[in-house]
Protein chains: 2
Amino acid sequence: MDADDIFKALSDPTRRKLLDLLFEKNGQSLGELCANLDMARQSATQHLGILEAANLVTSVRRGREKLHFINPVPIHEVYERWVRKFEVQRLSLLHDLKKELEGE
Amino acid sequence: MDADDIFKALSDPTRRKLLDLLFEKNGQSLGELCANLDMARQSATQHLGILEAANLVTSVRRGREKLHFINPVPIHEVYERWVRKFEVQRLSLLHDLKKELEGE
DNA sequence: AAGTCATGCAGGTATTTACCTGCATATTAA
DNA sequence: TTAATATGCAGGTAAATACCTGCATGACTT
């Protein structure tokens, strides 16, 4: 997994909105997604390309349409590497700070 | 929470390394962190500023040093909003794609 | 008080990013 | 086959980003 690509992809509100749109209805076409975005189609294409490069979205061509599907695997990997690790020590880390603020 | 700030902060390898360094040893000073980074101190300062703006790191001044602490709360919020949601439907989404690829 | 050490602030540059317009291609419909 | 529809590709620009250098400030040490 490339954490850089995944986090960069998630760091834009338009791309997170695209994921939310696909979450509501998976398999939407480019045009369908564009209708909800308030920007030129080409811009949306670019955003979807970034999501695909990060492997967060997979697309399939059907006739003249391109259908888009969420791939939840990279998000799971991000969770394993970046979230769970911090979750475990959540309380003890806060405890470190508290101690420091209290003057050792 | 500002998802934009949090994801942008996490989207840079230097900043993720800073979090890893703080995870290993919480409460390090700027100079201490710099020693592990291979870039000018000013650049590291900037990265730490971004982590602080995203509330992923909190700093405390002690004498002439600035000590840095991980704040795990925003990561937890990201998990709640962006990861858990996708985790739940992980299998069913894969199922959608499989069906589509098989031609409905 | 003078010197050293840790950090802050101002600004400058090259690259990346997020938009756009315009034109080309490929598929379905009439 | 002609028209309409859905998407792809080639650029172009303004803003954001990730670095840097140089100088200033503030805190311990002697």
Side-chain angles (χ1 to χ4, degrees), chain A residues 2-22 25-69 100-101 103-104, chain B residues 2-22 25-69 100-101 103-104:
Chain A
D2 190 330
D4 234 78
D5 290 346
I6 297 170
F7 282 119
K8 282 222 170 85
L10 291 170
S11 75
D12 181 90
T14 300
R15 292 193 284 271
R16 291 197 303 275
K17 181 163 188 184
L18 281 167
L19 288 180
D20 274 338
L21 288 169
L22 288 177
K25 184 188 168 196
N26 210 16
Q28 292 186 67
S29 71
L30 174 58
E32 220 169 339
L33 291 167
C34 276
N36 291 289
L37 277 193
D38 195 39
M39 66 174 53
R41 174 181 54 82
Q42 285 80 352
S43 307
T45 302
Q46 214 165 5
H47 285 300
L48 285 165
I50 289 166
L51 288 169
E52 288 194 55
N55 209 24
L56 287 161
V57 163
T58 303
S59 65
V60 178
R61 187 116 205 181
R62 186 173 62 185
R64 59 185 166 186
E65 288 178 320
K66 190 180 175 190
L67 307 183
H68 300 83
F69 296 83
E100 187 60 38
L101 287 172
E104 201 84 6
Chain B
D2 190 329
D4 234 78
D5 289 347
I6 297 170
F7 282 120
K8 282 221 170 86
L10 291 170
S11 76
D12 182 271
T14 300
R15 292 193 284 270
R16 291 197 303 275
K17 180 163 187 184
L18 281 168
L19 288 180
D20 275 338
L21 288 169
L22 288 177
K25 184 188 168 197
N26 210 15
Q28 292 185 68
S29 71
L30 174 57
E32 220 169 339
L33 291 168
C34 278
N36 292 287
L37 277 193
D38 195 41
M39 66 174 53
R41 173 180 55 82
Q42 285 81 352
S43 307
T45 303
Q46 214 165 5
H47 285 299
L48 284 165
I50 289 167
L51 288 169
E52 288 195 55
N55 209 25
L56 288 161
V57 163
T58 304
S59 66
V60 178
R61 188 115 206 183
R62 185 174 60 186
R64 59 186 165 186
E65 288 178 320
K66 191 181 176 191
L67 307 182
H68 300 83
F69 296 84
E100 187 60 38
L101 287 171
E104 201 81 6

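Chain letters run A, B, ... following the sequence lines, proteins first, then strands; residues in each count from 1. Source: prediction; values computed, not measured.
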- Are any non-hydrogen side-chain atoms of B/Leu18 and B/Leu37 less than 4.5 angstrom apart? yes
- Message: Just so I know, are the side chains of B/Leu56 and B/Asp5 near enough to count as touching, which here means a heavy-atom distance under 4.5 Å?
- Response: no
- Minimum heavy-atom separation for B/His68 to B/Ser59, with atom names? CD2-CB, 4.0 Å
- Query: For DNA chain C, which nucleotides open and close the run of contacts to chain A, 5' to 3', at under 4.0 angstrom from a non-hydrogen atom?
  - Reply: C/dT17 to C/dT28
- Task: Quickly work out the B/Leu30 CG to D/dG26 C1' distance and round it to whole Å.
- Result: 15 Å
- Task: State which residues pass salt bridge (Lys or Arg N to Asp or Glu O under 4.0 Å) with A/Arg15; sequence neighbours excluded, sorted by chain then number.
- Result: none
- Message: Quick check on contacts: within residues 3-13 of chain B, what sits under 4.0 Å from DNA chain D by heavy-atom distance?
- Response: B/Lys8, B/Asp12
- Where do A/Met39 and A/Ala44 come nearest, in terms of heavy atoms and distance? SD-N, 3.9 Å
- Task: Tell me, please, which residues at least two apart from B/Asp4 pass salt bridge (Lys or Arg N to Asp or Glu O under 4.0 Å).
- Result: A/Arg16, B/Lys8
- Message: Just to verify, what does A/Asp20 make a salt bridge (Lys or Arg N to Asp or Glu O under 4.0 Å) with, not counting sequence neighbours?
- Response: B/Arg81, B/Lys85
- Close residues, residues 38-51 of chain B, relative to DNA chain D [heavy-atom separation under 4.0 Å]: B/Met39, B/Ala40, B/Gln42, B/Ser43, B/Gln46, B/His47, B/Ile50
- Query: Separation of A/Glu52 atom CD from D/dT7 atom C1', in whole Å?
  - Reply: 13 Å
- Task: Could you tell me whether the side chain of A/Arg64 has a donor or acceptor atom within less than 3.5 Å of a complementary atom in the base of D/dT7?
- Result: no
- Task: Starting from P on D/dT5, measure out to CZ on A/Arg62 and report it in whole angstrom.
- Result: 19 Å
- How long is the span from the CD1 atom in B/Ile50 to the CG atom in B/Leu10, to the nearest 0.5 Å? 11.5 Å
- Query: Once you round it to whole Å, what is the distance between P of D/dA6 and CG of A/Leu37?
  - Reply: 16 Å
- Query: Should B/Asp2 and B/Asn55 count as side-chain neighbours, where that means a heavy-atom distance under 4.5 Å?
  - Reply: no
- Query: Quick one: on DNA chain C, does B/His68 or A/Gly63 contact a more 5' nucleotide (nearest heavy atom)?
  - Reply: B/His68
- Query: From A/Leu67 CG over to A/Gln28 CD, what is the distance, rounded to the nearest 0.5 angstrom?
  - Reply: 10.0 Å
